[in-house]
Amino acid sequence: MKDRPDPLAAAWSDLVDTARRTVADGLVVGTSGNVSCRLKDLILVTPSGVPYDRLGPRDTTAVDLEGRQIIGSLRPTSELPMHLAVYRSTPAAAVVHTHAPHATAVSTLVPELPPVHYMAAALGGPVRVAPYALYGSDELADHMLEALRDRTGCLLQNHGTLTYGDSLDQALDRTAQLEWMSRVWLLAHSVPGCSPTVLSPGQLDAAGTRLSGYGQPNGARG
């Protein structure tokens with residue numbers, strides 16, 4: 001009889017892999033971002049200040065929805081208030097927070113990333129910028145929740161990005177799309193004498209409808 005897979009171990013392994021991808025993809029430097037995922041009423045989260053390439057199965061860190069540490073001895077990320085706020089207020093199964101460079105640059109320039117590409121619809125519409133507040137603070141978590149209203153991602157002013165999804169893969173993909181759209185806008189905005197065209201609400205709605213049926217049905221692979 002084969003041993004049953006351990007959901008907790010599998011979830012932690014996926015979380016660590018995702019955190020390492022944020023570094024490999026240039027979305028964070030060192031330990032400047034953080035990742036979490038939800039397993040029922042348990043929130044697995046990257047620990048504070050520990051390089052992701054050093055994390056192993058024995059470093060599993062988890063809290064409950066009130067932030068009380070349930071598993072592990074390493075201190076959870078300093079951005080725990082933001083992660084918990086997302087889980088309390090949305091159906092998120094995973095959250096990714098990064099300091100992606102192009103998105104962070106945009107957060108210093110405008111109150112909202114203009115919809116220069118239809119992939120903005122994948123995040124619910126034009127991506128808002130949450131006003132600046134000290135990292136790790138409840139104030140930042142409050143600003144973030146307001147910016148996330150009807151969205152699955154936002155920018156954090158002079159700070160970075162936060163996205164959530166039904167899985168770690170989806171949350172990370174949304175972060176990558178946000179960073180790419182930010183880069184596109186910065187490139188277009190930098191051309192002297194020109195202003196980037198942006199999509200209308202109707203165009204975004206049509207794109208969102210089309211995107212809802214994107215990919216293979218029922219997760220099938222072609």
Open item on the list: According to side-chain contact (heavy atoms from CB on, under 4.5 Å), who are the partners of D64, at least two apart in sequence or on a separate chain?
Closed with: E66, R68, I70
Open item on the list: Using the side-chain contact (heavy atoms from CB on, under 4.5 Å) criterion, which residues pair with D59? Sequence neighbours excluded.
Closed with: W12, L55, L74
Open item on the list: Any non-hydrogen side-chain atom of V127 less than 4.5 Å from a side-chain atom of E112?
Closed with: no
Open item on the list: Suppose the criterion is ring pair (Phe, Tyr, Trp, His ring centres under 6.0 Å): which pairs have a residue in residues 36-88, not counting sequence neighbours?
Closed with: none
Open item on the list: If the condition is side-chain hydrogen bond (donor to acceptor under 3.5 Å, both in side chains), which residues does S200 pass it with, not counting sequence neighbours?
Closed with: Q203
TODO: For T77, enumerate each residue passing the side-chain hydrogen bond (donor to acceptor under 3.5 Å, both in side chains) test, keeping only those at least two apart in sequence or located in another chain.
DONE: N34
Open item on the list: Regarding T163 and T175, do their side chains bring together a donor and an acceptor under 3.5 Å, going by distance alone?
Closed with: yes
- [ ] Enumerate the residue pairs fulfilling ring pair (Phe, Tyr, Trp, His ring centres under 6.0 Å) with a member in residues 105-139, sequence neighbours excluded, ordered by first and then second residue.
- [x] H117-W180
- [ ] Tell me, please, which residues at least two apart from T61 pass side-chain hydrogen bond (donor to acceptor under 3.5 Å, both in side chains).
- [x] none
Open item on the list: Counting C-beta onward and ignoring hydrogens, is there a side-chain heavy-atom pair between L44 and L39 closer than 4.5 Å?
Closed with: yes
TODO: With sequence neighbours left out, write down each residue that passes salt bridge (charged side-chain N to carboxylate O under 4.0 Å, His left out) with D41, or none if nothing qualifies.
DONE: R38
Task: Plane angle bin for H97 and H99 - parallel if under 30°, tilted between 30 and 60°, otherwise perpendicular - done: perpendicular
- [ ] Using salt bridge (charged side-chain N to carboxylate O under 4.0 Å, His left out) as the criterion, list what pairs up with E146, not counting sequence neighbours.
- [x] R149
Task: Set of residues satisfying side-chain contact (heavy atoms from CB on, under 4.5 Å) with respect to S167, sequence neighbours excluded - done: D169, Q170
- [ ] State, without any angle test, whether T98 and T22 hold a side-chain donor-acceptor pair at a distance under 3.5 Å.
- [x] no
Task: With sequence neighbours excluded, residues passing salt bridge (charged side-chain N to carboxylate O under 4.0 Å, His left out) with R54 - done: none
Open item on the list: Would you say CZ of R75 has more than 12 non-hydrogen atoms from neighbouring residues, nucleotides or ligands within 6.0 angstrom?
Closed with: no
TODO: Please examine the side chains of L156 and H143, heavy atoms only from C-beta on, and report whether any two atoms are closer than 4.5 Å.
DONE: no
Open item on the list: Would you say that L162 contacts V96 through its side chain, given a criterion of any heavy-atom pair below 4.5 Å between the two side chains?
Closed with: no
Open item on the list: Tell me whether Q69 contacts the main-chain N or O of G72 through its side chain, where contact means a donor paired with an acceptor under 3.5 Å.
Closed with: yes
Task: Residue list, side-chain contact (heavy atoms from CB on, under 4.5 Å) with L186, at least two apart or on another chain - done: H102, A105, V106, L109
Open item on the list: For a 4.5 angstrom cut-off between non-hydrogen side-chain atoms, does T31 reach V23?
Closed with: no
